[in-house]
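Residue numbers begin at 1 in each chain, while the letters A, B, ... track the order of the sequences.
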Amino acid sequence: MTTPITIVDDSAMSRKLMTRALPAGWDVEISQATNGKEALEAYHAGKADVMFLDLTMPVMDGYEVLETLKKEGLNTFVVVVSADIQPKAQERVMSLGAMAFIKKPVNTEEVTKILKEYGII
Amino acid sequence: MSITPLTEDQRDALQEVLNIAMGQAGDSLARILDAFVELSVPRIRIVEVKEVTNTIREMVGNTADVTAVRQAFFDDLRGEAIVVMDENGCRDLADLMGYDDNLDCQAEQELLLDVSNVLVGAILNGVTETLGTSLSYSAPSIMAERCPVDHIIDPRNLSWTHALLLEVNYSLKNRGFKSHLLLLMAEEAIESLRKAVDDFVESI
């Protein structure tokens, strides 16, 4: 079954790096969002069973996306992908409902490990 | 001499490279200060040398007098890394590091040099790791002490025509602490950086 996923990052290069880091053979339909607002639109349109979410973005940042999703009753698997690697940033996103935290730059091994751990692939 | 502006792809890639480096440097700073450091989106500008002072003032903001520390970097990329902190920032820093109010001038300078060294080292390492370039850098030194932002650099002393300014800033919630880190590069280095960024984008 094809899994709808959304990659959320204001940087085109970063979205490309994230796409490249997805495990080979994972059957996905990829949507892209350049800020939190677009991410929520994609989520509401059913395009984000899995969401790879950046934190520092214009318009609406990743923290706000998590807060909104939490309020609405989180129904997506959110992996935060961020350059902000402070332990406190990780704690904060996990408390807001993110399932995992990946440091930028992303690599396939780490993404695969998390998806396997939660039985997504 | 004119200089080709960065393309949208180059700017985007450079921004992301800086973002990653800024995150690593921010984490180092957070560990030293044992506090959560707030990061902002890095800023990138190419300006004529006569505009350097104005641009720095705009980036740093109209603050009280500042102290600035510089470190030169060289090899694949050549330029200056400058850490700017205002007086509140210096005081906060001393306070967070557990110094009492009577920190003498020399001890304050040493503290600033140490913190700058950590920030600059982390950010330059972050950039070189991502871009696959190699850099060395000099020891930090105080370039301006308790003076207006305009006095950090005198454009008349620069032999360049254009400069690339990369700026990241760090702040602490509930405190006045704010530190700006600027990377300043001249024409030749801009082209080296452009090439490194292009190679990196192509490798993706």
Q.
Among A/Ile85, A/Asp84, A/Thr56, A/Leu17, which residue has the highest count of heavy-atom pairs closer than 4.5 Å to chain B?
A.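 The residue among A/Ile85, A/Asp84, A/Thr56, A/Leu17 with the greatest pair count is A/Ile85.
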Q.
Quick check on B/Ala35 against chain A: is it the side chain, the backbone, both or neither that has a heavy atom closer than 4.5 Å?
A.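 Just the backbone, heavy atoms under 4.5 Å.
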(Q) Under 4.5 Å from any heavy atom of chain A, what part of B/Glu129 do you find: side chain, backbone, both or neither? (A)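 Contact with chain A: none, neither part.
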Q. Quick one: of B/Val37, B/Leu39, B/Val201, B/Leu29, who has the most non-hydrogen atom pairs under 4.5 Å with chain A?
A.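 When all of B/Val37, B/Leu39, B/Val201, B/Leu29 are compared, B/Val37 has the most.
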When you check the side-chain N and O atoms of [X] and [Y], is any donor under 3.5 Å from an acceptor?
X: A/Thr2; Y: A/Glu29; value: no
X: B/Asp76; Y: B/Thr133; value: no
X: A/Asp49; Y: A/Thr3; value: no
X: B/Thr161; Y: B/Glu187; value: yes

